[in-house]
Each structure stands twice: as C-alpha cells, then as structure tokens.
Amino acid sequence: MVLSLKLVLDYGKQLSRRNRWLTQWGKVSLGGAIAFSSLSLLAAVETNAYIQDPVKVGVYPGPPKVFWNDQGEPAGFFPDVIQEIARLEGWTLEYVSCQWPDCLAAVEAGELDLMLDVSYSQQRDAQFDFNREVLFPSWSVIYARPGIKIHSVLDLHKKRIAVLENGIQYEALQVTTKEFGIEPIFVQSPAYEEMFQILERGEIDGVVVNRFYPTHQHLTNAVKTNVLIKPDQVHFAAPEGDPDGLLLAIDRHLAVMKNESSSVYYQAGEDWLEGIDIHKTDWLLISRLAAISGTTLLASFSGILFFVNRRLKREISDRIAAQDQLRHKALYDSLTKLPNRHFLLTRLADRLSSDHQTAPVKGSVMFLDLDRFKAINDSLGHASGDQLLIEMAERLKQTGHWVARLGGDEFVIILDDITDPFNVFQAAEAVLATLQSPCILNNHEVIVTGSLGIVIGFDAYADPSNLLRDADIAMYWSKASGRNGYAVFTEKMRALAAEKLDLENELRRALFRQELILHYQPILGLKDRGLIGFEALIRWQHPDRGLLSPGTFIPLAEDTGLIVPLGWWVLETACRQLKQWQTHGIHNEHLTVNVNVSAAQLNQADFLEKLDHILATTELSGSSLVIEITESLLINNLSGTCQLLQNLRDRSIGISIDDFGTGYSSFGSLHQLPITNLKIDRSFINRVEDHVRNQDIVKTIIMLAHQLGVIATAEGIESEEQHLLLKALGCDLGQGYLFDRPQPAERLKHWLKHPVGELR
Ligand code: C2E
Ligand code: MG
Ligand code: MG
C-alpha cells in the first residue's frame, strides 16, 4: 500500500504537469491528484488526450538508432518506435536536426520536447526526465586505428581517443582511467562520422563508439578492440519535469509493445539493431503480472516496471562489478591486495614518460627483498609464509608510500617527489624498522628483516624495467653485504652484475665443455695419521681466468639452480674415482670419499633414485661414500630431511654435517638425526692453539659428537700444534694443509700407499 501510494503520488505529479494536454480534465492540481483513486488515475492515463502543438523531437546522426536517411527523413530504431507511439496517441511529430551535444542542450532548455536515444546517468537525471521503460541495454566499444594495440583500458595511456562530446562514455572513461593513473588524450567530437574521419587521417589512435554504430557502417580503417565501456540503459528524455507528459504515454505504449513479439518495437529491433536482446523473462513477468486486473493495476504495473528496471539495473551493475573484479585481478596481487608488477610497470612508465605536458614526476625507487623468507616458509609452512607476506604488506602500506608486490617476497616502493639522498635514506630506514618489529606466526615469534636496493631519481631512465633491474642489482648488493640494510645503485654495480651474468653463462657451458675438475684432499685419523679417505672438492679450469676455487662460482650455481646438474657430475665423478682406486688394488675397500651435496640437489624428488643409479653404474658400495651436508638444510625441514637421511643410512652411506658450529641447528634436534659425523668448521680450528674461546667451542663439539655416538672431524689443520691439540681433545679425524692440499687424483698416488687409519 505504501508503494502504491508513493507511485500514485508520483504519477499524480506527472499528471499535474500535463494540464496543457488534458483538455477534458482541465487543470489538475497535485492535491487533487492525491485525492483520486487509483482507478480514476488509470482512467486519466488511458484517456486519449489530444495534442495541440507538434512534439519537437531531436534527431542526431547516430545510425542505426536514429539518423537522417538519404531521402532526408528520420530513420532508425527510435523514429520507428516513436512514430508508432505518436500514431496511437494522435501526436504530430516535428523532427529537428541537431548534433548530439546541441540536441541535449536544446532539450534541457525546453526548446525540444523529446530526445531519442539518451543513456541514463545520474548527472543527466538532474538535467532531464527519463521515461521509465528501458529501450535496450547498451554499451560502447573502442575501435582502434590499424596497427595500434589496445587490449585493455590500460593501453589507453597517452593514446589519442575520440569521444562523443557530452557523451556518457566520456564521463565513464574519465573516471576509469583516472582511477588507474592512466592518461588518455581525449579528443571530443560532435558526431561519430567525424570521429572515424579523423581516425582514418591518423590524427587519433582510437574512437569510443556505441556498439550499434559500426554494424551499419563500412569501417575499413578501424579495428574493433575487446575494450567495452559503460554498460548502460537507453531511454527517451524530455525537459525536466516532462511538462508535456510525453514520457508517461511513451512508457504505457512501450510496456504493451514489449509484451507483443509482433509489435513495432520488436520489428524495429530486428530491422535496425540485429534484434533486441533485452532479458525476455522480464517481459514474461510483466505480462503475467499485468494480467492482474482491478483498481491496483496501474500501481502494480508501475511497481513492476520499477522492479524490472531495478532488475536490469542490478544485472548491469553486476556486469560492471564483474568487470571491476577482472580489472582488479589484472592490477592487484590477490594475496596482499597490493598493486602487482603490471600495475607497477604502468605507474613507473607514467612517471618516466618524457612526453608529459607538465614536467616529469620526480622520485626514487626502493626494491625490497625479505631476508631468509624461504627459511620461514620451509620451517613454518606456506600458510605462515603467506600470513607473513600479508602482514609485511600491511606494514609497508602504513609507511604512506606507494607499494607494489612483485611476487614472492619482493616488493617495490615508489618514493614520489623524494630525491634528496638524506630523505631517501630516512624512508629506507623507516621501512627496515617497520619490518623488524616481531610478528607472531603459528605461535612463533618471528623477526623479519629486509634488504633494500635503491635508485635515487628516475631521470636517467626511459624504461621502467631498467629502473627495476638496477634497483634489484642494488638489492643484491645489500644482501651480499650482510642483509638488513640498503644499498644505493651505482654504475659499478651494474658492471659487476653483468660480469656475474657472463660467469653464469660460462658456467652453464663449463659443464659441457668439461672445464670442471675435482681435487681430492686426504682425511686422516688423528691418532695414527692413517688414511681414512678423501674429500672431493670442485674446481673450475676457466679458459681465461685460470683455476677458480668453488667460492667464486658455487654461490652463483646455487642461485641459478646449476648446482643440481653440477652436483650430480661431482657425485658420479667422485664415486668413479674411488672405485678406480679400489679396483686397481691400490688401496683397501674401507677408503671413503666425502662429497658435498647442496640442499637443492638433496631436495630433488628423484634424489635416491639417481644416487642408486650412480652407485650401481660405478659399482661402489654405499659404505664407501660420505655425504656432506650443511646445517641450514636441517633447520629448514627437519622431519623431511630426517627421513631422507635415514634412507641414506639404509644404504650404509655416511652423513657428515659440514662446517658445524656456524649455522643454527639446534643441538637438541641433532640426536634425532641419523648422522655419522660432525665436521668442525675451519674458523674454530684456526688459531685454536692460542684462542681460548675457539678451544672451548672445539672441545664442546667433540664432546657433543661423542655423546651422539658420531665421529668428530676437524678441517683446516695447518700446524703440528693444532694437530696435537685436537688429538689431545679427542678429535677423531682431520684434514688440512698440514697433511696435504686438495690435489687432482693423479697427484695423490703416493697417498694410496699410505697406511690405513683408524676411525677412532
Ligand atoms: P668445505 O666442504 O668445508 O671444504 C673445505 C674447504 O676448506 C675447502 O675449500 C678446502 O680446500 C679448504 N681447506 C682444507 N684444508 C685447509 C687448510 O688447512 N687451510 C685452509 N685455509 N683451507 C683449507 P674449497 O675447496 O675452496 O671449498 C670451499 C667450499 O666450497 C667447500 O667447503 C664446500 O662447501 C664448497 N664445495 C667445494 N666443492 C663442492 C662441491 O662439489 N659441491 C658443493 N655443493 N660444494 C662444494
Ligand atoms: Mg665439505
Ligand atoms: Mg667445511
């Protein structure tokens, strides 16, 4: 009832404005209208009011919806429909030719009574009255000049795009592009025809045109893009307040027409618009409900129209929402909701662009990589890793700068307008500080640090990818110099990075060119100085740079994943070498070879399979092999590693923890691991004789090893003094320059005659 009354009131209001046309009703006041029953209102509407003056209708060149044909008569969908309504209502139509913006202005000024083909917008709602019935849903499409790539709204940046003057698309495009910091150069034009002419002349890159226009034109020099703009609803419009009451009559006829598939409305749709694709069920709904007769018919009917309009509106707004969602997906990272790489590159391109009408925007860029993120991810699980990234993203947002996530644990921060080094460093320190406050993940308190690479000032760059590349280089520099800090990019860094890249390519080739070789260093029993085995240590016989030690290329191999094929080569070569020594009867079968294996290699799914294959083809027994792993492998994935080590022990392969004491493995968890050897890091052996603290550490590690029932080995023994001391401390095995340096296999022959040592 409330709804009915409201609608009656609304129609009453419209009726009151019709007094010029309703001769038999005389003057109907608003108060009078409220007093009418719904039935009397219906009667008023149904009455054939006749028209004294012709209805002035604006016709603009918008084929196929409305235009002047070759005979100088109005043609198209709208003229067909309005002529039918005029026939039924007894109106005389007077068509007035105008360009789109002038037509609109004339309706607003009351110089035209009716305008065809007007899309609804809130702004226009304040200028005109719209009929309630939607004629059909519509949208616009971008057509591009051949050769111009426009795949999304983002591609419109700096492109010259023609839009209809006062067109609804112009309004919509301005909002959308502004939202993403994209700046098309809009060229306003009063007519579509002119827009395509200037496109053909190459003066613009694209045009925004109603979806129907190109269906009736032969556009040879324009390419349809997939970019659709502004779904909307097309109506008739009259001057504000609809002083002639035209819209009410139009709606009444439209509702009936839409209900009959043979009506002029559908015929005009077929003739001009390739059929009307308005939601059919809506009209079914109307027809069913409209069948309800009685005093409330008009009210309910109006209610249904209102309802259908709302449904259509909702459908269209759903479509807009879906589009927005897609756009959001394309530009934002789904985990952290920060802008993504694509958005970042667009924004940077905008900053760097030299064809700005105003001066280019100044600023600096910081490339952030979280330190040891992988360790957190591996040890606390990926869900915690994700949670950490979300938390860090949130903190970075709080800094007030524009932040994007590049992927993984990499972020980029744009410091708009900041180019003064002092201010840049202040911003960098603020970023590092905000990362460092403790974060609770999965009930663990975690402190995260980050490394920043900074490029101060964009001026020297034309390409955003180069800017990011340099910030990335500086970030690596910062990581290499101890993490939790920042480094400013310099040209020297780029040269060194290029050198590193060369080295990477050369290392790839080195594997195939057989430039890699193994040296072997003897390992002795400290009690009797008898030979236990050898450690295989890789070298690179570089064609220009000479013999390179592993320190110069192993980190690079680890970074690039080359460590895996390299590691397999080492393992196979070392096993084959030992087998050769054994089979030639030069030494006994207890001799072992120690091989350093990287975490990346060990984590390969087919590690055991490949290892078995090597042992089988070289015919080496598992007990002749000792695998050296580092402590970091243990902290990252204790349970997984434990199982793998057990599989190795099942093959009688020895397991040595290398460089023990430098990592973070918890002593508590060591007893769970099926290891056979602890190898004390060289840094503790160095000056162990006169360095009390080192002595204490060495003593502790030896005790720990023995408690665990494993062998203690000291590496880097350089003096007799160190040897004696370690022996006195109970260390079982040792290797070092005192005994011999790592050597190629052929130079170790004399060692093979050496007495066999005791393990303990
Ligand atoms: P590591 O496994 O701890 O190897 C011991 C390192 O100490 C070797 O360095 C060896 O030459 C050096 N060394 C032995 N005795 C002495 C000594 O008395 N004084 C001094 N100053 N140094 C001594 P190298 O050959 O340069 O290898 C360095 C590291 O590179 C190795 O440390 C190991 O972590 C890695 N590496 C070597 N070969 C391989 C490999 O095939 N695979 C993998 N993944 N890593 C390898
Ligand atoms: Mg080693
Ligand atoms: Mg070592």
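Residue indices begin at 1 and follow the sequence shown. Numbering of ligands and ligand atoms starts at 1, following listing order.
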Atom pairs, nitrogen or oxygen, ligand 1 to protein, under 3.5 angstrom:
unit_1: ligand 1; atom_1: 2 (O); unit_2: E535; atom_2: OE2; d: 2.9
unit_1: ligand 1; atom_1: 2 (O); unit_2: N596; atom_2: OD1; d: 2.9
unit_1: ligand 1; atom_1: 2 (O); unit_2: D658; atom_2: OD2; d: 2.8
unit_1: ligand 1; atom_1: 3 (O); unit_2: D659; atom_2: OD1; d: 3.1
unit_1: ligand 1; atom_1: 3 (O); unit_2: E715; atom_2: OE1; d: 3.2
unit_1: ligand 1; atom_1: 3 (O); unit_2: E715; atom_2: OE2; d: 3.3
unit_1: ligand 1; atom_1: 7 (O); unit_2: R682; atom_2: NE; d: 3.4
unit_1: ligand 1; atom_1: 15 (N); unit_2: Q521; atom_2: NE2; d: 3.1
unit_1: ligand 1; atom_1: 18 (O); unit_2: Y737; atom_2: N; d: 2.8
unit_1: ligand 1; atom_1: 19 (N); unit_2: E718; atom_2: OE2; d: 2.5
unit_1: ligand 1; atom_1: 21 (N); unit_2: R682; atom_2: NH1; d: 3.0
unit_1: ligand 1; atom_1: 21 (N); unit_2: E718; atom_2: OE2; d: 3.2
unit_1: ligand 1; atom_1: 22 (N); unit_2: R682; atom_2: NE; d: 3.4
unit_1: ligand 1; atom_1: 22 (N); unit_2: R682; atom_2: NH1; d: 3.4
unit_1: ligand 1; atom_1: 22 (N); unit_2: Y737; atom_2: OH; d: 3.3
unit_1: ligand 1; atom_1: 25 (O); unit_2: R539; atom_2: NH1; d: 2.9
unit_1: ligand 1; atom_1: 25 (O); unit_2: R539; atom_2: NH2; d: 3.0
unit_1: ligand 1; atom_1: 38 (N); unit_2: I538; atom_2: N; d: 3.1
unit_1: ligand 1; atom_1: 42 (N); unit_2: N596; atom_2: O; d: 3.3

Does any donor atom in the side chain of [X] or [Y] lie under 3.5 Å from an acceptor atom in the other side chain?
| X | Y | answer |
| --- | --- | --- |
| D732 | H706 | yes |
| E718 | N686 | no |
| D470 | Y461 | yes |
| T630 | D659 | no |

Between V431 and T399, does the side-chain contact (heavy atoms from CB on, under 4.5 Å) criterion hold? Intermediate values first, please.
CA-CA 7 Å; V431 165; T399 60; 4.2 Å; yes
Measure from NZ or CZ of R509 to the centre of the six-membered ring of F512 and say whether it is under 6.0 Å with the direction within 45° of the ring axis.
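That pair does not qualify as a cation-pi contact.
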Counting backbone and side-chain atoms alike, is an N, O or S atom of S656 positioned under 2.8 Å from the Mg ion (ligand 2)?
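No N, O or S atom of S656 is closer than 2.8 Å to the Mg ion (ligand 2), so no.
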Go through L678 and I711 one step at a time and tell me if the side-chain contact (heavy atoms from CB on, under 4.5 Å) criterion holds.
CA-CA 6 Å; L678 283 188; I711 294 162; over 6 Å; no
Charged N-O contact under 4.0 Å between E572 and K610:
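The answer is no: the pair does not qualify as a salt bridge.
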May I ask you to decide whether R405 forms a salt bridge with E410, counting only side-chain N to carboxylate O separations under 4.0 Å?
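The answer is no: the pair does not qualify as a salt bridge.
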Just the protein N/O/S atoms under 2.8 Å from the Mg ion (ligand 3), please, no waters.
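Less than 2.8 Å away from the Mg ion (ligand 3) sit D658 OD1, D659 OD1, E715 OE1, E715 OE2.
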State, yes or no, whether a side-chain contact exists between H519 and Q743 at a heavy-atom distance under 4.5 Å.
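No, too far: nothing below the 4.5 Å cut-off.
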To 10°, measure the OD1(N596)-the Mg ion (ligand 2)-OE2(E535) angle for me.
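Approximately 90° at the metal, rounded to tens of degrees.
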